[in-house]
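Side-chain atoms are counted along with the backbone in the values below, which use heavy atoms only and exclude waters and symmetry mates. This one's a predicted model, so the numbers in the text were calculated from it and none came from an experiment.
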Amino acid sequence: MTANDLFIALPELFILGMACLIMLIDLYLPDNRRGMVSFISVMTLVFAGIMVMRWQVTDAATVQYAFNETFVRDSMADVLKLFCFVVLGAIFIYAKHYLRMFKLFQGEYYVLSLFLLLGAMVLISAASLLTVYLGLELISLSSYALVALDRDNRRGSEAAMKYFILGSLASGLLLYGLSMIYGVTGTLSLSGISEMAALASNNITLIFGLVFVVIGVAFKLGAVPFHMWVPDVYHGAPAAVTMLIGSVPKLAAFAMAIRLLDNGLSPLQDQWMGMLTVLAALSIIIGNLVAIAQTNLKRMLAYSTISHMGFMLLGILSGTAQGYSAAMFYSIAYAIMSTGAFAVLIMLSRAGVEAENLDDYKGLNQRSPLLAAVMLMLMFSMAGIPVFVGFFAKWLVIQAILDVGLLWLAVLAVVFSVIGSFYYLRVVKLMYFDEPETEVKVTAPADFRFVLTINGLAQLLLGIFANALIALCVASF
Amino acid sequence: MSIQVLVFYLFGTLLTLSALSVITVRNPVYAALFLVLTFFTSAGIWMLLEVEFLAITLVLVYVGAVMVLFLFVVMMLDINLSRLREGFARYLPVGILVALVMAGELLLIIWTKGAQKLPLGEGNPDGFSNTAYLGERLYTEYLYPFEIAAVILLVAIVAAITLTHRGRREGGRYQDPARQVQVKRDDRVRVISMPAVDNKERDA
């Protein structure tokens, strides 16, 4: 290890140090000054963002390794990390309001979230099977605890328990697969595995390992048929936590898929392409169909996540640089969209009651035109209506699979995204054409409303100026 | 057959049998004890692989600490055995069917593709210390993963405390050492004078 190694991993070290520091500061803060924790956490993200940008890797050709090739910093890693910071920063501001409302405001939320972020960064920058697994575990462990944060809530504890048991099972399967791959190739480094796998791409043990790796990735993404945990966890967890586990870990899971399947097992592309095709097609079909039947917004968004992850997998399964960048664009766009949707849910909630039923959105336009407009933009974007960022995300992945000749899959994706727009547009209909059931004023702190407005406008602006973000994603591969 | 292979098969058989017993015996305490035997035999197999550090750690950590804790919990909990086995007969046919299908699938793949025999590793040279090697690797080559593992343990502690610690309850009784040392005789002992009573007179 040299000083240069530490320099390459500077943002990670900074986040780790600050998470420990915030934990200590929180211990000595009186309850009425706890807002400081939130402020320091947001500042931590700002400075970590500056650190990444100051020495950002901007072209796909530059790859920096550190710590004996267990850590890699490339263009994809830097872009994904930056968006993790942006999304988490917004989440911290939304969460402050929510946690205060539900009497859950404690430093642990911020500390565990920062550790989750650290896990995501480790996973994004993983260059060895060991760091892939450890990063994943760091994310999982933090999220199990966060889901159970409202510990007196039975629904939350039940969701955490389910998440923990299914998550441990998935980790076990992944680890089993990784051990087989290690057994065949004799190396933990992903680039080493790629070299060895090219020599033995028909090795039965290697393919066995690949199956388990794909299961592990599919579980993290919540792709059908490994999606069982998604609705229950989204529904049971406090909205501030649901918002978190629906965004940053999804970016990390995308990176995990790229690291393992492309960086590590690209010689087995023929094999994993077929597996991912099944996962993607099932996720798009089941996610969109079941979402229609939901009357609970959190569950509806959970099934919509499943279908979105199906779309994202389309980009990865194409196996081309174009497909990877399309999938990356999709995961970033999705993280921003879903954060915004949960923020609207939080803003409509009153002390102790989450606005999770679709009926709560009736006549929202009359109660708060701004909030309704933000939600409209988010729903249009999720449905993939042109000009909004969600449209370009879908367009790019569909283009990517058309280029590898999977016409039937493209048709299926388009048909089901049309079917899926029904439940997004239903929310819009409820907001604009129904009479409100209550006249309670919708309020939130100024910083909350400010960030939410930007979040809504981002759907439009990232859509109109999509080229800038697309260029960033294309430069990563 | 060399003595090593003989020992391997002996330990392997013992390991499989005791692992089977863990899930088949009725009494949970016996199951836990069989698990101890399982760990112990696998430590023996690791010893054959010349990884003495891992073998010792397995015995120390799993047998010495984890299993003792496990036995403790098993003995303290009042486990209702009949409820645990409810529905066993009902699920058995489906379970056997699933197991058979999975075994069939596995065999089919191995049969069509052919199993591969992995080459045997070469033994370590004389005077090789697994412990020293492991320590050296852990703190040089694998320093970064090692530190991440440490962070995971930290998160586990934070999570456990967050989810279980409820702070001091109102009206609870707690010790305050500062007040304890300041205590005076008068706070604890009160001398009161009472008129003397004649026992004989009272009893009578």
Side-chain angles (χ1 to χ4, degrees), chain A residues 1 5-6 9 12-13 16 19-20 23 66-71 106-109 111-112 114-116 118-119 122-123 125-149 151-152 157 160 183-184 186 188 200 202-208, chain B residues 19 42 45-46 49 51 54 66 98 101-122 124 133-170:
Chain A
M1 193 189 73
D5 284 1
L6 294 178
E12 277 81 1
L13 295 172
L16 173 62
C20 295
M23 190 157 62
F67 305 115
N68 279 297
E69 293 208 16
T70 50
F71 183 95
Q106 38 183 313
E108 284 83 2
Y109 175 85
V111 173
L112 287 171
L114 284 175
F115 278 124
L116 188 146
L118 181 69
V122 169
L123 188 51
S125 273
S128 123
L129 294 182
L130 256 179
T131 32
V132 167
Y133 182 70
L134 289 171
L136 184 70
E137 280 303 283
L138 192 50
I139 296 179
S140 310
L141 212 60
S142 318
S143 35
Y144 302 148
L146 280 168
V147 171
L149 197 67
R151 54 194 174 181
D152 294 322
S157 313
V184 174
L188 288 170
N202 267 324
N203 187 308
I204 185 79
T205 319
L206 203 57
I207 297 170
F208 248 77
Chain B
S42 26
I45 291 179
W46 277 2
L49 288 171
V51 282
L54 292 180
V66 176
V98 171
V101 169
M102 287 204 302
E105 283 171 345
L106 272 174
L107 286 175
L108 206 66
I109 291 172
I110 293 169
W111 183 51
T112 49
K113 291 262 187 177
Q116 278 144 346
K117 208 171 171 188
L118 293 173
L120 274 176
E122 289 158 25
N124 293 321
Y133 181 79
L134 210 65
E136 204 184 305
R137 295 291 120 195
L138 214 51
Y139 290 99
T140 55
E141 205 174 318
Y142 295 106
L143 177 73
Y144 175 66
F146 184 68
E147 292 297 329
I148 301 295
V151 176
I152 291 180
L153 290 180
L154 177 67
V155 170
I157 298 171
V158 174
I161 294 175
T162 312
L163 296 184
T164 53
H165 181 69
R166 285 184 183 270
R168 298 203 155 179
R169 274 167 308 180
E170 288 291 316

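- Proximity to chain B (any heavy atom under 4.5 Å) is shown, for A:Leu146, by neither the backbone nor the side chain.
- Taking CG from A:Asp5 and OH from B:Tyr144, the interatomic distance works out to 11.0 Å, rounded to the nearest 0.5 Å.
- A:Ala160 approaches A:Tyr144 most closely through the heavy-atom pair CB-O, 3.9 Å.
- Of the atoms belonging to A:Glu69, not a single heavy atom falls under 4.5 Å from chain B.
- The minimum heavy-atom distance linking B:Thr164 with B:Ala160 is given by the pair OG1-O, 2.7 Å.
- For a residue to count as touching a neighbouring chain, one of its non-hydrogen atoms must lie under 4.5 Å from one of that chain's; by this rule B:Leu106 touches chain A with the side chain only.
- Taken to the nearest 0.5 Å, the CZ atom of A:Phe71 stands 10.5 Å off from the CG atom of A:Leu6.
- Nearest approach of A:Thr205 to A:Val184, heavy atoms of both residues: CB-CG2, 3.5 Å.
- Interface remark: A:Leu138 contributes backbone and side-chain atoms alike to the contact with chain B (heavy atom separation under 4.5 Å).
- Proximity to chain B (any heavy atom under 4.5 Å) is restricted, for A:Leu112, to the side chain, taken from C-beta onward.
- With a threshold of 4.5 angstrom between heavy atoms, A:Leu188 approaches chain B through side-chain atoms but not through N, CA, C or O.
- A:Phe115 places none of its side-chain heavy atoms less than 4.5 Å from the side chain of A:Ile139.
- Between chain A and the residues B:Val158, B:Ile161, B:Leu163, B:Leu154, the most heavy-atom pairs under 4.5 angstrom are made by B:Leu163.
- For A:Phe208, the part lying near chain B is the side chain, with the backbone staying farther off; criterion is any non-hydrogen pair under 4.5 Å.
- Proximity to chain B (any heavy atom under 4.5 Å) is restricted, for A:Thr131, to the side chain, taken from C-beta onward.
- Rounded to the nearest 0.5 angstrom, A:Ser143 OG and A:Leu149 CG are separated by 12.5 Å.
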